[in-house]
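All values derive from a computational prediction rather than experimental measurement. To find a chain, count down the sequence lines: A is the first, B the second, and so on, and within it residues start at 1.
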Amino acid sequence: MTEPLSPQYDPGAIETSLYREWEENGWFHADEQNVLGGKRDPYVIVIPPPNVTAVLHMGHGLNNTIQDVLTRWQRMRGREALYLPGTDHAGIATQNVVERLIATEGKTRDDLGREKFVERVWTFVDETGSTILQQLRAIGCSCDWSRTRFTLEPDLSRAVREVFVRLYDKGLIYRGNYIINWCPRCLTALSDEEAEPEETNGKLYHLRYPLAGDAPAGLPRLPDGRAYIVVATTRPETMLGDTAVAVNPEDGRYASVIGRDIMLPLAERVIPVIADAYVDAEFGSGAVKITPAHDPNDFDMARRHPIATVNILNPDATLNDSVPAAFRGLDRFEARKKVVAAFEAAGLLEKVEDHRHAVPHCYRCDTVVEPRLSEQWFVKMKPLAEPALAASREGRVKFTPERWTKVYDGWLENIRDWCISRQLWWGHRIPVWYCRAPGCSEMIVAREDPTSCTRCGGTQLEQDHDVLDTWFSSWLWPFSTLGWPDETQDLKAFYPTNTLVTAPEILFFWVARMIMAGLEFRGELPFTDVYLTGTVRDLQGRKMSKSLGNGIDPLEVVNLFGADALRYTVIAGAGLGTDVYMDPDNLESTFAVGRNFANKVWNAGRFALMNVSSDTVAPVADVSASLELADRWILSRLDAAIEDVTRHLESFRFHEAAASAYHFFRGELADWYLELVKPRLLDGGDAASRAAAESTLVAALDGILRLLHPIMPFITDALWRRLPRVSGETAAASIMIASWPQSGVRRDADAEAAMTALMELIGEVRKLRSEYNVPPGKPISIRLTDVHAVLEQCLAAEERAVRRMAKVGSIERGASGDADAAGPAAAGGAGAHAVLRGGAELFIPLAEMVDVAVERDRLQKELDRVEGMLRGVEGKLSNEQFTGRAPAEVIEKEREKASNFRDQRDRLSSKLKSLA
RNA sequence: GGUCGCAUAGCUCAGCUGGUUAGAGCGCACGGUUCACAUCCGUGAGGUCGUAGGUUCAAAUCCUACUGCGACCACCA
């Protein structure tokens with residue numbers, strides 16, 4: 001990286017080679033010995049492992065940029081920084097991808113069989129699985145690739161088994177028949193979290209259920225004389241599995257019916273009417289049909305009452321043989337139509353209402369999930385949740401933004417058992433074996449595959465067919481990736497980790513469970529800080545997604561504008577946990593912030609590199625005697641920037657950190673300091689002044705490049721490594737392993753005050769020139785009155801700059817009396833005025849500019865403004881409440897303000913008079 | 001139904017512990033071939049800080065209610 005800088009900023013030309021160099025030099029690698037030997041404190045972030053089949057999207061772009069910002073920043077702060085990468089086998093998701101793939105060959109997974117299918121998935125994963133990790137390199141992530149992990153690799157599988165066995169031995173894993181969420185398309189059970197409710201416009205069907213035999217009076221009757229009860233349901237087809245009708249015991253309307261029988265239509269079964277407090281008398285008719293096999297509440301009810309359970313659904317959600325022949329084999333939705341039609345034909349359909357309700361959908365394939373009774377494995381969560389809850393309540397784990405704490409707590413407080421078995425082929429197979437030897441029904445739960453039955457010694461062992469929920473491996477990620485269950489050096493050095501950065505969508509799926517697992521299996525929280533990012537959305541506020549086609553491909557952005565532009569844009573746009581809005585149809589405007597800033601950094605850097613005379617400069621301390629106002633000012637501002645950026649990074653306010661760095665670079669260094677030192681660097685002249693300027697410029701650039709490095713790693717390194725060296729200091733080979741700058745050493749209030757005055761003066765002259773349409777090249781004379789000490793100081797130091805930057809020919813000084821006594825006319829006629837802070841006044845003779853009428857109008861407006869302001873302040877000061885209670889310095893400030901406004905008003909009105 | 005969050009310039013958002021004349025980027029208008037940069041420079045227009053109350057000497061900032069939007073949770077069939 002020592003070729004000359006290209007005049008045009010070309011990110012493509014620097015990024016790839018820099019990344020390769022960082023990686024080849026081992027700078028991403030964290031050395032556990034440095035931690036164990038006490039040389040450095042660790043800083044660890046484990047990546048939220050993307051699905052192994054994933055392709056990088058802007059969500060990753062945002063998350064991983066934040067993770068890398070933190071990693072790089074802490075690395076520069078001297079921590080042994082580990083950013084641990086890896087991927088998740090993503091059970092259902094990956095299996096679905098490969099199933100679709102073989103479907104194009106006209107095959108199903110059953111055609112291949114389990115073994116061949118799993119082989120096929122492995123091939124697929126081996127071929128394409130590292131895509132996303134490659135892509136993370138393109139956005140500059142400084143991951144320790146030597147520690148890359150995969151949730152289904154042997155070491156991590158061992159951790160999974162260890163955990164399964166431990167929990168089983170503790171009685172926290174059990175198998176049982178319960179209602180679970182079943183996806184009829186994926187043909188597997190799902191956890192509660194994997195069934196996503198979606199508001200849907202459905203129907204509420206009111207069905208008439210005739211009573212069997214004699215009926216008490218007071219009930220409505222069918223034309224044939226039978227009495228009936230109305231029940232309401234959103235899923236009428238499930239009536240074929242009804243085994244009771246329930247009413248509230250307090251509900252007088254039904255008191256006489258409790259205990260009687262109903263003849264279930266279509267099925268022609270007799271079912272009882274039972275009483276249960278669960279039933280809400282206010283809803284619908286107050287009577288509920290009970291389908292224990294297909295509704296969790298009904299299932300619970302069946303455990304409280306002696307009623308039957310009829311499972312009417314096959315795994316693919318077609319009706320099975322327990323229903324009348326006419327309905328067998330029908331898809332559930334077909335069956336729904338047919339059942340409703342049958343009720344209508346029989347005069348049993350009371351009414352159908354529109355009904356908006358939440359229907360659960362499979363989080364992977366969006367199919368409507370069916371509650372279904374089946375035998376599954378569960379984790380008993382309560383004992384695990386309690387310590388995790390305590391950790392947040394006691395503040396040992398901190399969420400940012402803080403409001404997520406409540407969401408986390410709420411979930412843990414109402415924790416439900418976790419269904420962990422999946423009827424899939426791709427995943428960790430459940431480490432349970434059943435002895436099939438005649439007369440033996442032993443179940444073996446083991447870390448290692450058993451070869452014979454522990455009870456009968458037989459060898460006819462069959463492993464459980466199911467695999468584990470993919471999150472059952474993810475929840476171990478912070479320690480399984482470090483070698484657990486072995487007590488490895490890595491584990492000792494890098495566990496617990498520090499910061500977890502992820503999307504709030506997986507707070508329950510992943511974050512909460514990791515905390516539980518960390519506490520349970522390591523006795524220690526897996527991390528102390530959780531930063532929940534926002535969501536990347538399009539301009540309509542829709543989440544970016546492949547299916548909507550509103551995504552932005554980060555790699556396209558990298559190609560167009562560079563990784564630094566992408567990273568800066570994303571960071572600057574991401575307020576504390578707020579969503580990031582981007583326009584997928586206008587990448588140019590979306591990423592303009594980052595691209596333009598990167599371009600600015602590049603060019604400012606180039607300017608400095610081209611104009612510093614040698615490749616070594618003196619340390620600032622050595623030239624302190626010749627530092628000029630501008631030098632002291634920019635060093636002071638750099639100091640402030642260091643403080644701000646550091647403070648903001650510490651509180652996860654990345655956008656503010658970016659803004660502080662941006663403001664310093666653009667608003668102070670590029671716009672002002674570079675302009676101020678140009679004469680000293682370009683026009684020759686005083687050698688000491690030049691040396692001071694060079695040292696200062698190098699120091700300022702050095703500092704801001706370091707501050708920007710975590711956010712914009714490439715461009716900062718490309719420039720930084722070419723900066724002139726500071727004599728007597730040894731420079732690191734790359735900014736990424738250089739140290740984070742210290743603040744609190746170069747603040748200079750005097751220089752800041754003087755430069756502020758200077759900048760205001762130049763700004764005012766520019767403003768007036770622009771207002772009066774003075775040709776840009778034309779020098780004009782200005783007159784200053786009431787020049788106070790601070791302004792005097794800045795003029796003495798930088799008069800040359802005023803002339804150059806504001807195109808001023810001569811600067812005339814006047815005493816305060818001049819303008820007031822004789823008016824501007826005395827100074828040569830009408831003119832433009834501006835009152836500067838501190839009371840000094842700027843006057844530009846109108847003759848230098850134009851039009852008296854326009855000027856008069858302008859002055860009148862200004863006068864109105866000042867008078868308004870003065871009224872406000874005077875009002876405040878005449879308020880006894882204020883003068884009586886506000887702190888003295890606040891009142892003093894207000895008084896000062898008032899007197900300034902009065903001065904301004906007097907001057908403005910006298911000038912206005914002089915123009916009349 | 002419960003809980004939480006948001007509402008500031010045309011757009012996307014800052015504004016951390018109440019206290020100068022509420023800021024940035026994009027967009028817009030005007031003017032610029034100044035030797036780092038037109039991916040640039042200078043200047044400007046544009047805000048009753050959602051509405052109504054309240055607390056306070058002082059509210060974009062704290063409190064209450066309302067309106068609108070959003071998120072999460074929840075077994076009302």
Side-chain angles (χ1 to χ4, degrees), chain A residues 5 7-9 197 204 231-235 238 246 278-280 282-285 287-291 295-298 300 355 357-358 371 401 403-404 406-407 410-411 414 504-505 507-508 535 539 541 561 565 569 572-583 586 588-590 592-593 595-611 647-648 651 653 655-656 659 662-663 667 670-671 674-675 678 682 763 766-771 773-777 804-807 837 865 869 872 876 879-887 889-891 893-894 896-897:
Chain A
L5 291 179
Q8 196 68 38
Y9 168 53
L204 188 60
V231 296
T233 178
T234 54
R235 295 181 295 151
T238 62
Y278 157 76
V279 181
D280 179 357
E282 304 296 311
F283 188 88
S285 62
V288 196
K289 60 190 273 310
I290 302 299
T291 321
D295 184 284
N297 303 307
D298 296 3
D300 287 345
H355 184 63
H357 61 146
R403 61 193 154 89
W404 291 109
K406 234 178 171 168
V407 178
W411 187 72
N414 302 299
E505 292 101 275
L507 183 60
F508 306 146
T535 307
L539 293 188
F561 313 121
T569 302
L576 199 61
T578 60
D579 291 345
V580 183
Y581 290 80
M582 301 192 148
D583 185 356
N586 194 347
E588 173 94 16
S589 123
T590 300
V593 196
R595 182 199 55 175
N596 296 353
F597 185 45
N599 186 64
K600 184 53 120 180
V601 170
W602 183 261
N603 279 297
R606 257 182 78 222
F607 168 82
L609 297 175
M610 284 170 9
N611 292 297
R647 195 182 68 240
H648 290 136
S651 56
R653 278 195 283 266
H655 61 303
E656 292 291 332
Y662 181 96
H663 178 253
D671 287 355
L674 291 185
E675 294 304 325
K678 270 179 184 173
L682 301 173
R766 282 173 172 171
K767 198 194 305 186
L768 294 175
R769 293 183 61 110
S770 176
E771 270 175 34
N773 282 318
V774 182
R804 216 166 57 82
M805 295 177 72
K807 279 285 175 316
R837 264 176 241 200
R865 194 180 67 95
M869 227 95 83
K876 215 171 181 180
N879 182 337
E880 284 173 17
Q881 301 272 43
F882 175 72
T883 48
R885 302 206 201 167
E889 66 263 27
V890 171
I891 298 176
K893 262 189 186 166
E894 292 297 318
E896 236 171 76
K897 235 158 75 181

- In whole angstrom, what separates R804(A)'s CZ from rC41(B)'s P? 15 Å

- Note on the structure: Taking rA36(B), rC41(B), rU39(B) as options, the one with an atom nearest any side-chain atom of D671(A) is rC41(B)

- Base-contact (B) and sugar-phosphate-only (S) positions in nucleotides 70-77 of chain B, heavy-atom cut-off under 4.0 Å, - elsewhere: --SSBBBB

- Item | Whole-angstrom distance between rC6(B) and rG42(B), as gauged at atom C1' | 37 Å

- Donor-acceptor pair under 3.5 Å: do we get one between R653(A)'s side chain and the base of rC16(B)? yes

- Query: Taking atom P of rC37(B) as reference, at what distance in whole Å does atom CZ of R595(A) sit?
  - Reply: 17 Å

- Query: Side chains of H655(A) and H648(A): does their closest heavy-atom pair fall under 4.5 Å?
  - Reply: no

- Item | 5' priority, RNA chain B, between N603(A) and R647(A) [closest heavy atom] | R647(A)

- Find the distance L674(A):CG to rA36(B):P and express it as a whole number of Å. 10 Å

- Closest non-hydrogen contact found for R595(A) with F561(A) is CD-CD2, 3.5 Å

- Indicate yes or no for a side-chain donor-acceptor contact from T590(A) to the backbone of M582(A) under 3.5 Å, with no hydrogens or angles considered. no

- Mind calculating the distance between CZ (F597(A)) and C1' (rC40(B)) to the nearest angstrom? 15 Å

- Task: Taking the side chain as every heavy atom from C-beta outward, state whether R804(A) and E675(A) have any atom pair closer than 4.5 Å.
- Result: yes

- To the nearest angstrom, the CD-C1' distance between E675(A) and rC41(B) comes to 9 Å

- Query: Any side-chain heavy-atom pair from T233(A) and L204(A) closer than 4.5 angstrom?
  - Reply: no

- Checking all strands, does R766(A) fall into the base, sugar-phosphate, or nothing category for heavy-atom contacts under 4.0 angstrom? sugar-phosphate

- Which one is paired to rC16(B), where only Watson-Crick or G-U wobble pairs with both distances under 3.5 angstrom count? none

- Message: Is the positively charged end of K678(A) above the ring of F607(A), judged by distance under 6.0 angstrom from the centroid and angle within 45° of the axis?
- Response: yes

- Query: Heavy atoms under 4.0 Å, any strand shown: does A604(A) hit a base, just sugar-phosphate, or nothing?
  - Reply: base

- Task: Using a 4.5 Å cut-off on heavy atoms from C-beta on, say whether the side chain of R606(A) contacts that of N603(A).
- Result: yes

- Query: Please give, in whole Å, the distance from rC16(B) P to H648(A) NE2?
  - Reply: 10 Å

- Item | Mate of rU51(B) where both pairing distances stay under 3.5 Å, Watson-Crick or G-U | rA65(B)

- C1' atoms of rU56(B) and rU67(B), separation to the nearest Å: 27 Å

- Message: Heavy atoms from C-beta onward define the side chain here; which of rG5(B), rU39(B), rA36(B) lies closest to that of R403(A)?
- Response: rG5(B)

- Item | Spacing of the C1' atoms in rC4(B) and rC76(B) (rounded, Å) | 23 Å

- Message: Measuring from the side chain of Y581(A) (C-beta onward, heavy atoms only), which nucleotide among rC13(B), rA36(B), rG44(B) has the closest atom?
- Response: rC13(B)

- Nucleotide by nucleotide, nucleotides 26-33 of chain B touches protein heavy atoms under 4.0 Å in the pattern (B base, S sugar-phosphate only, - none) S-------

- Expressed as a whole number of Å, how far does the P atom of rA38(B) sit from that of rC26(B)? 16 Å

- Message: Using the side-chain heavy atoms of K807(A), tell me which of these nucleotides is nearest: rU34(B), rG15(B), rA36(B).
- Response: rU34(B)

- Query: Roughly how far, to the nearest 0.5 Å, is OG1 of T234(A) from NE2 of H355(A)?
  - Reply: 6.0 Å

- Query: In Watson-Crick or G-U wobble terms, both distances under 3.5 Å, what is the partner of rG25(B)?
  - Reply: rC11(B)

- Mind checking the P distance from rC16(B) to rU61(B)? Whole angstroms is fine. 11 Å

- NA contact type, A572(A), heavy-atom cut-off 4.0 Å: base, sugar-phosphate, or nothing? nothing

- To the nearest angstrom, the CG-P distance between L609(A) and rC37(B) comes to 14 Å

- Message: Should the side chain of K406(A) and the base of rC4(B) be counted as holding a donor-acceptor pair, with the cut-off at 3.5 Å?
- Response: no

- Choosing from rG44(B), rC41(B), rG5(B), which nucleotide comes nearest the side chain of K767(A)? rG44(B)

- Task: Rounded to whole angstrom, note down the C1' distance from rG18(B) over to rA59(B).
- Result: 6 Å

- Task: Using the C1' atoms only, state how far rG5(B) lies from rG23(B), rounded to an integer number of Å.
- Result: 23 Å

- Query: Going through the checks in order, is the side-chain contact (heavy atoms from CB on, under 4.5 Å) test met by D295(A) and R235(A)?
  - Reply: CA-CA 10 Å; D295(A) 184 284; R235(A) 295 181 295 151; 3.7 Å; yes

- P-based separation of rU33(B) from rC11(B) [nearest Å]: 34 Å

- Just checking E588(A): base, sugar-phosphate only, or nothing, at a heavy-atom cut-off of under 4.0 Å? nothing

- Item | Minimum side-chain heavy-atom gap F508(A)-V407(A) below 4.5 Å | yes

- Measure from CG on N599(A) to P on rG25(B) and round the result to the nearest Å. 16 Å

- Message: Partner lookup for rG70(B), please. Criteria are Watson-Crick or G-U wobble with both distances under 3.5 angstrom; report none if nothing qualifies.
- Response: rC4(B)

- Task: Verify, without hydrogens or angle tests, whether R653(A) (side chain) and R647(A) (backbone) share a donor-acceptor contact under 3.5 angstrom.
- Result: no

- Task: Indicate yes or no: at least one non-hydrogen side-chain atom of T291(A) is less than 4.5 angstrom from one of K289(A).
- Result: yes

